[in-house]
Novice: 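Sharing a structure here in structure tokens format.
What's counted below: heavy atoms across the whole structure, side chains too, no hydrogens, waters or symmetry copies. Remember, predicted model here, so these are calculated numbers, not experimental data. FYI, the numbering just counts along the sequence from 1.
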Amino acid sequence: ATFHNQRDFIFVRHHRYVFKEGNQVNKETGKKKTKAKLQELGPRFTMKMRWLQEGTFDTQFGEYEWMHKRKEMDTTRRKFHL
């Protein structure tokens with residue numbers, strides 16, 4: 001799984017490595033060269049953080065370390081908060 005943070009969004013992707021034996025032979029060892037490729041499997045989704053809560057999950061009495069404030073933070077697309 002790949003978690004990629006870009007522009008205050010977290011992108012989640014699922015990949016696997018695929019190894020294939022090539023036709024070329026390594027001169028030093030005499031073995032065939034192996035090629036590695038990255039294959040995307042899925043699912044793929046994107047998340048935007050709305051709040052960060054301290055401790056265990058408790059929406060009623062939990063303490064929030066960070067909360068997204070739409071009117072204050074979404075004034076410009078050039079400023080990122082995470």
Novice: Name every donor-acceptor pair, under 3.5 Å, that has one atom in a side chain of residues 20-34 and the other anywhere in the protein, sequence neighbours excluded.
Specialist:
from, atom 1, to, atom 2, distance (Å)
N26, OD1, E28, N, 3.2
T29, OG1, K31, N, 3.4

Novice: With Q39, which residues qualify under side chain to side chain contact (heavy atoms under 4.5 Å, CB included), at least two apart?
Specialist: R16, V18, L41

Novice: With rounding to the nearest 0.5 Å, note down the distance linking CZ in F11 to CE in M47.
Specialist: 10.5 Å

Novice: Which residues pass the side chain to side chain donor-acceptor pair (under 3.5 Å) test with T46, not counting sequence neighbours?
Specialist: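 T46: no side chain to side chain donor-acceptor pair (under 3.5 Å) contacts found.
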
Novice: E40 and R13: side chain to side chain contact (heavy atoms under 4.5 Å, CB included), yes or no, with the steps?
Specialist: CA-CA 7 Å; E40 186 174 342; R13 304 289 185 262; 3.5 Å; yes

Novice: Could you tell me whether Y17 atom OH has more than 12 heavy atoms of other residues or ligands within 6.0 Å of it?
Specialist: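 It does not: Y17 OH has 12 such atoms or fewer within range.
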
